[in-house]
Amino acid sequence: MRKFIFLLLASLFITGCARQPRPPHTLMLAAQSDVSWLDPARAYDTSSIPFVRILYRGLVDYGDGANIVPAVATHWTISPDGKTYTFYLRKDARFQFAQDGSQPGRRVTAQDFRYSIERILDPATASDGMTFYYNIVGAQKWSEERSKPSAKVLSDHVPGISVPNDNEIVFHLNHPDATFLNYLAMPFVYAVPQDWIAQLDQRDETLNEHPNGCGPFQMKEWIHDRKLELVKNPYYYDPTLPKCDRILDTFGGDDVLHLMRFELGDVDIQNLEDAAPPDFTRMTDSPKWQPYTQHAPMMDIRYVALNCEMKPFDNIKVRQAMNYAIDKSTFKQILGKRIEVAHGVLPPGTPGYNPDLKGYNYDPQKAKVLLKQAGYPNGFTVTLWYSPTAVAWYGKAAQLIQANLKDIGVTVNLKAVTYAELKTAAGKRHNIQMSLMGWLQDFPDPSDFLDVLFNGEKITDTSSNNRAFYSNPKVNAMLNEAGIETNQAKRLKLYQQAEKIIVDEAPWIFLLHTERYVVHQPWIKGYKLHPMWSARYEYVEVMK
């Protein structure tokens, strides 16, 4: 009855309030929760990246597939030893705003890209991308200098980044890295203007609230927890983009409400990953919507991080017991064909994926034996942190995990927080024991999962991507060796060997991989699921 009343009220709200004439050539979106970040240095989640990547631009980008293409850089060269990358910048890329707020802003230069990288390497920025760029000569030392309050003499710039002139930037690497171009395509290192940020600092304001990039859109208005509005940047260097004039994303409501709005024509693109099973089946089986429905692997891993530096998860047998205790088939009840059970870290389709990796089957009796051997015959009590606003089904997943672990004597208290709170807490050392998390590939390479998430040498005290704080010297050595290996077959074999050890030592509960399902309106043209980006709104045309 309560659900019926809610749906009735929602329908009345939609028909009475929201069914206003829509502005022309405007892409209408809806989300349960607000965007987390519009600062490229901090944007590392699916709510933020689709907007950051159209407000800003980097040296390079992805084409229609996983291929790297020019963006603000027109071209680049790589030295024969693979350790020096030189980029040459276009001269018509401009920031959206000048210091006084007028348009357009000044030209984007090589100094802006050096500043952007040094900004994320500064621990004060608290960027999740910091360790990605440690292969630049002197970058790690430069970063660590700034984490020591007693340091007196700090070098102005990272030694491995040189700027001969406004049009040229050179990176010197410690060792060859086949993924360096992929790292430069990440939003962390999109160009930001140092003078603009300095001015904001003086006014006690932030780039997050006052974005200023060189992308195809610029921000018009952001009312937190209500709406985000972007408009076309008339000074964007590619006059063919964007294809629509405006983007309006409204926040609030759940997937039931959003799907109702979509079917009424008030929302143009609707994710179906989190839809209730009956709604998912109805939409994907509908002859009306099938021509406008797209699906593809998410290329992700959903997991529970077990903090290996905190009791009781410093004990490998406890961690293995947690894996045997989870009946992953129960997730089919809430997600159906949208999931695939995970046996390890890498999702199917990733280079180096091992189909023979066994993982953990459901065996609660074995879990109880392992707990007893570990010194916990009566179980223990632990808190699982999760964010219901990050992914709609995380709440139900947390309850399933709680119920499974209760069967082996482990009491799980659930702590629901915002995604920003979860990411901060889970990335802080010696802070929380368990967290329900997800990781989507940044680029199609096993290093983006294994090296980033399990290399103990890349653990940081805050903003750590290794949220299990797992470190095995043998695994670290394998991952480091794979990172500099130029023979692809040898490289992938090293990653497979490292993954097997990681799975055996169980720093995570390995849960599942998901499938993307998206439906759009007939008047939407140019929308395509992309293997790297969750959305490329600059290519979407609204024929209405």
Side-chain angles (χ1 to χ4, degrees), residues 1-23 26-35 45-47 50-51 225-228 244 247-296 298 300 302 331-339 387-397 419 438 514-525 527-529 534-535 537 540 542-544:
M1 177 62 74
R2 290 178 62 188
K3 183 174 182 180
F4 170 78
I5 293 172
F6 167 76
L7 293 176
L8 178 61
L9 291 174
S11 179
L12 290 172
F13 170 80
I14 291 170
T15 55
C17 300
R19 297 287 291 165
Q20 302 296 324
R22 57 182 291 154
T26 297
L27 182 62
M28 308 292 286
L29 306 173
Q32 288 191 36
S33 56
D34 202 348
V35 172
D45 61 88
T46 54
S47 76
F51 297 104
D225 299 317
R226 183 179 169 190
K227 70 172 184 176
L228 173 65
C244 66
I247 299 175
L248 180 61
D249 193 7
T250 55
F251 311 125
D254 63 7
D255 284 298
V256 174
L257 178 61
H258 296 162
L259 190 55
M260 290 175 63
R261 292 184 62 196
F262 175 82
E263 293 186 81
L264 286 167
D266 294 328
V267 173
D268 291 331
I269 300 172
Q270 176 65 28
N271 288 319
L272 297 176
E273 292 108 63
D274 300 330
D279 287 331
F280 176 81
T281 301
R282 177 174 60 81
M283 294 297 290
T284 55
D285 289 350
S286 167
K288 176 182 178 181
W289 295 114
Q290 281 180 342
Y292 309 107
T293 300
Q294 301 180 32
H295 70 93
M298 185 73 82
D300 67 346
R302 310 294 168 147
F331 288 92
K332 289 280 186 181
Q333 299 171 10
I334 54 176
L335 292 169
K337 64 181 180 180
R338 289 168 282 182
I339 69 163
S387 175
T389 60
V391 178
W393 54 265
Y394 273 6
K396 292 181 180 178
Y419 179 71
T514 66
E515 187 92 356
R516 294 186 67 195
Y517 280 83
V518 180
V519 61
H520 63 78
Q521 299 289 359
W523 55 80
I524 294 297
K525 306 298 180 184
Y527 180 83
K528 295 179 181 179
L529 292 179
S534 57
Y537 293 134
V540 176
V542 183
M543 310 296 290
K544 192 170 183 175

Please list, chain by chain and in numerical order, all residues satisfying side chain to side chain donor-acceptor pair (under 3.5 Å) with [X], sequence neighbours excluded.
{"X": "D255", "value": "Q32"}
{"X": "R302", "value": "D300, Y394"}
{"X": "N271", "value": "none"}
{"X": "E263", "value": "R282"}

Atom NZ of K332 with >12 non-hydrogen neighbours under 6.0 angstrom
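More than 12 within 6.0 Å, yes.
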Mind checking side chain to side chain contact (heavy atoms under 4.5 Å, CB included) for [X] and listing every partner two or more places apart, or none if nothing turns up?
{"X": "K544", "value": "R22, W523, V542"}
{"X": "P277", "value": "R338"}
{"X": "K396", "value": "I334"}
{"X": "Q290", "value": "none"}

Students often mix this up, so state it plainly: with edges at 30° and 60°, are the rings of F331 and W393 parallel, tilted or perpendicular?
perpendicular
Keeping to residues at least two apart or across chains, list the ring-ring contact (aromatic ring centres under 6.0 Å, His included) pairs with something in residues 272-294.
F262-W289, F280-Y517, Y292-H520
Show your reasoning for whether side-chain contact (heavy atoms from CB on, under 4.5 Å) applies to I269 and L27.
CA-CA 8 Å; I269 300 172; L27 182 62; 4.0 Å; yes
Between D249 and L228 (side chain of the first, backbone of the second, donor and acceptor by atom type, cut-off under 3.5 Å), is there such a pair?
no
Expected output: side-chain E273 to main-chain E515 donor-acceptor under 3.5 Å
no
Heavy-atom closest pair (A30 atom, R261 atom, distance to 0.1 Å) is CB-NH1, 3.9 Å
Nearest heavy-atom pair of G253 and L257: which atoms, and what distance?
CA-CD2, 3.8 Å
May I ask you to test the [X]-[Y] pair for a side-chain heavy-atom distance under 4.5 Å?
{"X": "M28", "Y": "T26", "result": "yes"}
{"X": "L272", "Y": "L259", "result": "yes"}
{"X": "Y527", "Y": "V518", "result": "yes"}
{"X": "F251", "Y": "V35", "result": "yes"}

Hey, could you give me the OG1/NE2 distance between T250 and H258, rounded to the nearest 0.5 Å?
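T250 atom OG1 to H258 atom NE2 measures 6.5 Å (nearest 0.5 Å).
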